[in-house]
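Comments concern the structure below.
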Amino acid sequence: MSQTSSASASRGASFLSSPPDHIFTPEQFVGDERLMIDAAEQFSRKEVLPVLDRLDAQEEGLMPDLIRKAGELGLCGVDTPEEFGGLGLPKNLAARILEYMSLNGSFSVTFGITSGISQVGLSLFGEDAQKAKYLPHLASGEWIGAYALSEPNSGSDALSATTRADRRGDTYVLNGTKMWISNAKWANLFLVMAKVDGERFSAFLVERDFPGVSIAREEHKMGLKGSSTARLVLEDAVVPAENLLYQEGLGHHVAFNALNLGRFKLSSMSIGPCRDAIALAAAYTQERKQFGQPISSFGLIQKKFALMAAWFYAAESMIYRTGAMVDEAFGQLGGTVDGNRKAAEEFAIECSACKVFSTEAQSLIVDEALQCYGGYGFTEEFPIARHYRDARVSRIYEGTNEINRLFIADRFARRVKEGRVSATAVPDSFISELAGRALAVGPTDQVRLAAVSDLMMLGYAEQSSRLRAGQEGGFRNDLYQCFLRWANTQAAAAYQTLTGEPVSLPATEKVDYGSLAQRVYDQKGPL
């Protein structure tokens, strides 16, 4: 690894070392970047949100038609290489576009899979002939893509997959069942993981029309009803040998690095619906009157909106800080298959931290937004119920949050051992001080490893919010202080789980919940 790249790795873990002078924030998207983001938001508001009931009913042809329309605008290939039909935009900008394409969960997962994780393995590890054959179809929205890793008895332990691939002349014959496959009903191309001769974990590009490929019935899901989720069944499925992606036995490079980047994008997909949920709740509370006044004027309601805005601000801050570092890594290391692999791995810890924090912030936000509706929120009469149902799966797919917590602690320990990062924290905050002490404990059981990961994740969120507030000033400091109060209590609880020691919380600045809430009402969404 180059010296420059090593410096990037240090900045990636900077909540345990010296903080950077500057971090990237969403306000730094300008010009044509802003136009693409606006186009995504307008597509969501004009094309997707008006047809949600039809999407939930899975009206025949509706979702594929929306994907094609998005493709015509270039939105299905925003970070796909230009030479293969995409726009070749940076991954941070692609994530911002995805956030605004995610105001509804069902469309979000359909769009996010076909424009993201179904393409990224091919983009990073494919041969030019493979990319030329498939990427233009996906980038144009003409085809829909899917990612097939999980199996009925193989979820988090992906390498225990039993789907088998046997070489027969110039083909591979695949047998097995893949489960929980998003986009299965509509997908034209599946990125499938199977073991060659039952041993060598490998990746394959499998077309829907290949002999032996079939789709089982739709799963009856609690949420995301407008998306397709079904089993992919491979019964002596015949796949041309040239559709082996990368190398036999190295499919885990394809699968796990696609997941690294997928988790980063899932973070944006998770806060996208929060925009709509906060806006819906803000409008409702200003209209709903009790005791002769709008409930938006009540202190406990105002506190909810201040917290929702603060959680959103923290998630957004760490997401786009991370995305800028991912882009930097690809700029320094990308361009070859090996370089792409290294770039995708460089900030895997931060990508997992973003995934866990953002999906859990999403759950908190939609829960509080629903609470603002009172009993009406528990009915299907109001759209907030859909956001509540849809949010639940975010903490499960692309690696459960439990697995991601263990991954964060394990990968960080490995990097410390390799000498790539320091385990000695620079105590620039209450949370980073606790994180430094936690790392010195060196736990091995899952509960305490997860507590260490929580401290690292909260430290990253806190520092990202603080640095951003310092750059932007004004009411953003109030957002940070609101988040800090909450984050400090979460960090203290994690530290007590780890050590059993009492923890005294530091004093924080007073937060004017009413002022923050009013800004949310005026903005009609997060700040």
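All values below come from the heavy atoms of this structure, side chains included, with hydrogens, waters and symmetry mates left out. These figures come from a predicted structure and were not determined experimentally.
Panel note: side chain S453, backbone A409; a donor-acceptor pair is recorded below 3.5 Å. Judged by distance alone, with hydrogens and angles left aside, the side-chain atoms of D390 form no donor-acceptor pair with the main-chain N or O of G223 at under 3.5 Å. The main-chain N or O of L103 is never found under 3.5 Å from a side-chain atom of R275 such that the two would form a donor-acceptor pair. In this structure a side-chain-to-backbone donor-acceptor pair under 3.5 Å is present from S202 to G249. Between the side chain of E345 and the backbone N or O of K342, no donor-acceptor pair lies under 3.5 Å. Checked by atom type and distance alone, the side chain of T114 never pairs as donor or acceptor with a backbone atom of F111 at under 3.5 Å. A donor-acceptor pair under 3.5 Å is formed between the side chain of Q119 and the backbone N or O of C76. The main-chain N or O of A255 is found under 3.5 Å from a side-chain atom of Y147 such that the two form a donor-acceptor pair. The backbone N or O of G272 lies less than 3.5 Å from no partner atom in the side chain of S102, so there is not a single donor-acceptor pair. A distance-only check finds a donor-acceptor pair linking the side chain of D327 to the backbone of N92 [under 3.5 Å].
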Check: Are L439 and F412 close enough, and set up right, to give a side chain to side chain contact (heavy atoms under 4.5 Å, CB included), and what steps lead you there?
Finding: CA-CA 10 Å; L439 288 165; F412 187 81; 3.8 Å; yes
Next item on the list: List the steps and the verdict of ring pair (Phe, Tyr, Trp, His ring centres under 6.0 Å) for F330 and F347.
Entry: CA-CA 11 Å; F330 272 97; F347 295 105; over 10 Å; no
Margin query: Let's go through T499 and Q496 carefully: what are the C-alpha distance in whole Å and the side-chain angles of both, what is the deciding distance for side chain to side chain contact (heavy atoms under 4.5 Å, CB included) to 0.1 Å, and is it a yes or a no?
Written below: CA-CA 5 Å; T499 66; Q496 285 189 316; 5.5 Å; no
Note to self: Quick one, E398 with M269, criterion side chain to side chain contact (heavy atoms under 4.5 Å, CB included). Give me CA distance, side-chain angles, the key distance, then yes/no.
What the structure shows: CA-CA 12 Å; E398 303 220 10; M269 290 169 61; 5.7 Å; no
Note to self: Walk me through whether E509 and N477 qualify under side chain to side chain contact (heavy atoms under 4.5 Å, CB included).
What the structure shows: CA-CA 10 Å; E509 294 181 17; N477 186 62; 3.7 Å; yes
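A cation-pi arrangement, defined by a distance under 6.0 Å to the six-membered ring centre and an angle within 45 degrees of its axis, is absent between K91 and F264.
If you check the side chains of S432 and Q463, you find no donor sitting under 3.5 Å from an acceptor. The closest side-chain donor-acceptor pair between Y320 and S464, if any, does not fall under 3.5 angstrom. Y460 and T322 share a donor-acceptor pair across their side chains, judged by distance under 3.5 Å alone. Defined by atom type and a distance below 3.5 Å, a donor-acceptor pair is missing between the side-chain atoms of N401 and N404. Looking only at atom types and distance, the side chain of R468 has a donor-acceptor partner in the side chain of S317 under 3.5 Å away. A donor and an acceptor atom, one from each side chain of T162 and E151, are located under 3.5 Å apart.
When all heavy atoms of L467 and I23 are compared, the pair lying nearest together is CD1-CG2, 3.8 Å. Here the closest heavy-atom approach between residue G145 and residue I113 is recorded as O-CG2, 3.6 Å. The shortest non-hydrogen separation linking L245 to G126 is CD1-CA, 3.4 Å. Contact record, S358 with I319: OG-CD1, 3.5 Å, taken as the closest heavy-atom pair. In this structure, A353 and M318 approach most closely via the heavy-atom pair O-CE, 3.8 Å. Smallest separation of non-hydrogen atoms from S123 and N340: O-ND2, 4.4 Å.
Between K265 and D79 there is a salt bridge, since at least one side-chain N of the basic residue sits less than 4.0 Å from a carboxylate O of the acidic one. Under 4.0 Å is where a charged nitrogen must lie from a carboxylate oxygen, and between R96 and E99 at least one such pair does. Note on E433 versus R437: salt bridge recorded, some NZ/NE/NH1/NH2 to OD/OE distance being below 4.0 Å. Between D478 and R519, no side-chain nitrogen of the basic residue sits less than 4.0 Å from a carboxylate oxygen of the acidic one, so the salt-bridge criterion is not met. In this structure, E346 pairs ionically with R420, as a charged nitrogen and a carboxylate oxygen lie closer than 4.0 Å.
Screening residues 102-113 for salt bridge (Lys or Arg N to Asp or Glu O under 4.0 Å), with sequence neighbours left out, gives no hits. Identified under the salt bridge (Lys or Arg N to Asp or Glu O under 4.0 Å) test for residues 479-498, with sequence neighbours left out: none. Residue pairs that meet the salt bridge (Lys or Arg N to Asp or Glu O under 4.0 Å) test with at least one member in residues 354-366, sequence neighbours left out, are E360-R405.
Inter-residue side-chain proximity for R341 and D338 is flagged as met; some heavy-atom pair is nearer than 4.5 Å. In this structure, L138 and T80 have side chains that are not in contact, with every pair of non-hydrogen atoms separated by 4.5 Å or more. Within the 4.5 Å cutoff, the side chain of K304 has no heavy atoms near those of the Y513 side chain. L191 places none of its side-chain heavy atoms less than 4.5 Å from the side chain of S118. Put simply, the side chain of L89 reaches to within 4.5 Å of the side chain of I97, judged on heavy atoms. The shortest side-chain heavy-atom distance between V109 and Y397 falls under the 4.5 Å cut-off. By the 4.5 Å heavy-atom criterion applied to side chains, C274 and M308 are not counted as neighbours. Side-chain contact between F190 and K178 is absent, with no heavy atoms from C-beta onward closer than 4.5 Å.
Residue K221 qualifies as enclosed at atom NZ: its count of foreign heavy atoms under 6.0 Å is above 12. The environment of CD in Q247 is crowded: more than 12 heavy-atom neighbours from other residues, nucleotides or ligands sit within 6.0 Å. Sparse packing is recorded around OH of Y388, with 12 or fewer heavy atoms of other residues, nucleotides or ligands lying under 6.0 Å away. The local environment of CG in D445 is crowded, with over 12 non-hydrogen atoms from other residues, nucleotides or ligands closer than 6.0 Å.
Note: R392 CZ to D367 CG = 11.5 Å, rounded to the nearest 0.5 Å. Atom CG of L75 is separated from atom OH of Y100 by 14.5 Å, given to the nearest 0.5 angstrom. Considering CD1 of I278 and SG of C372, their distance stands at 10.0 Å, rounded to 0.5 Å. Here the CG atom belonging to L406 is positioned 6.5 Å from the CG atom belonging to L449, to the nearest 0.5 angstrom. Rounding to the nearest 0.5 angstrom, the gap separating the OG atom in S227 from the CG atom in N183 is 7.5 Å. Atom CZ of F357 and atom CD of Q362 lie 12.5 Å apart (nearest 0.5 Å).
Judged as a salt bridge (Lys or Arg N to Asp or Glu O under 4.0 Å), and not counting sequence neighbours, the contacts of R200 are D197, E248. In this view, F305 and Y521 satisfy the ring pair (Phe, Tyr, Trp, His ring centres under 6.0 Å) rule, not counting sequence neighbours. Partners of F125 according to the ring pair (Phe, Tyr, Trp, His ring centres under 6.0 Å) rule, which considers only residues two or more places apart in sequence or in another chain, are Y246.
Using cut-offs of 30° and 60° for the angle between ring planes, the F483 and W486 rings count as tilted.
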